[in-house]
Amino acid sequence: MLIKNISALLGDELNFVSNTNIQIQNNKFKRIQPKIKPSGKEEHFDCEGLLMIPGFVNAHTHIGDSIGKDITLNSSVDKKIHPVFGAKSKILKNTSKANLTSFMKNSCYSMIRKGITTFVDFREGGLDGVILLKKVLSETPIRSIILGRIEFYQDVVQIKKNNRFPGEKIDEFNELIKKCDGIGVSGANENSTSVLNYYSKITKLRAIHSSETKQSVSRSKKNTGISETIRALSLKPHFLVHMTHASKSDLHSAAKKIRGIVICPRANSSLAEGIPDIEFMQKAGCTLALGTDNVMINSPDMFREMDFLWKATMGIHKKRINPKDILKMATVNGGKILKKNIGVIGNGKIADCIFLDKHSLDLEPMHDPYASIVHRASESTIKAVMIGGKIVHGKI
Ligand SMILES: [Zn+2]
């Protein structure tokens, strides 16, 4: 397939080119340069007026709770989403599989329409939960990275004693990991250091929630005398999720050991937990990606996430943030921390992208493409979405 006369944001730096041709073959971007001619019967499209940007990587979701939108709005974080006694786990247990599946599927289609081409899901519910999500994915064209977990949580006494991972759970755990892209651990406050060390041995992706709330940070200190982030690092994670209440020394340790942090500013705000200090995280040398977290508490929309993060950060810190940095968090950086060939328009990268209408009412005239995308673009400015070289939404 040959895309002709298109504007695009290319490479790791999202460099803007106003007119080029892009050839796509076998699911990947093959050649990008002006004046490529279609070979033989290759289909070709004149895309004058469109801007191609990388598909969004929503680096942290829990779409399993799509059925629980805005329940328990006024209760505490733990009462909402605690993995053992939160309202969420009760709802999930008491809802039929058919109902859960249909709302998860809706969230997948909603994400595609908003230009999200990959989402990284922390999947609860053990192997059954993973199988349910896989069924949804077999019927929807979105790309997903599934980070599963078995339903095994330890209490304070077990954590203080540093109890090991129980032998009778090993088979269940191995079976689950075979079916997933990696592990998504709920947090250091539900797992002993010994268990986190055990999980760290898997060769697939490893990620963990950390320092999401003031309460979780102080709970770790109180129970173990050690910071939640330092304990979370026992997992040797590829990335940490949140870090909203991490101390400066925690962030330096994270930057030194792993670099990857996925932040979820709107989800943190809807839980009244503040927003992450992205300026400091960047200065410490972390690579930041963006996620929308639980569908139950936040909509899976990366346009809204970028706009919110950009303005709220500048509003609070009274310093300008380059909108290109925010757009990287929604695209390039997601691919980087996941170590996947996605999030970038470049030769050999997987052809996941969004076609934006430069002449749409909200975008024209587009003087700064990065600012336009971060705070003006929306679902209505998308002409089409491509995943793996196939148009899965709209038309070009
Ligand atoms: Zn989460």
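Just so it is clear, the structure is predicted and the values come from calculations on it, not from any experiment. When a ligand or atom number is given, it counts from 1 through the structure's own listing order.
A salt bridge links E13 and K328; the closest N-O separation between the charged side-chain nitrogens and carboxylate oxygens is under 4.0 Å.
A donor-acceptor contact closer than 3.5 angstrom links the side chains of S380 and S378. D250 and S227 share a side-chain donor-acceptor pair at under 3.5 Å.
For the pair E305/M329, no side-chain contact is recorded, criterion being any heavy-atom separation below 4.5 Å from C-beta on.
When OD1 of D293 and NE2 of H60 are joined through the Zn ion (ligand 1), the resulting angle is 90° to the nearest 10°.
Distances from the Zn ion (ligand 1) to each N, O or S atom of H62 single out NE2 as the nearest.
Checking H242 against the Zn ion (ligand 1), every N/O/S atom stays at or beyond the 2.8 Å cut-off.
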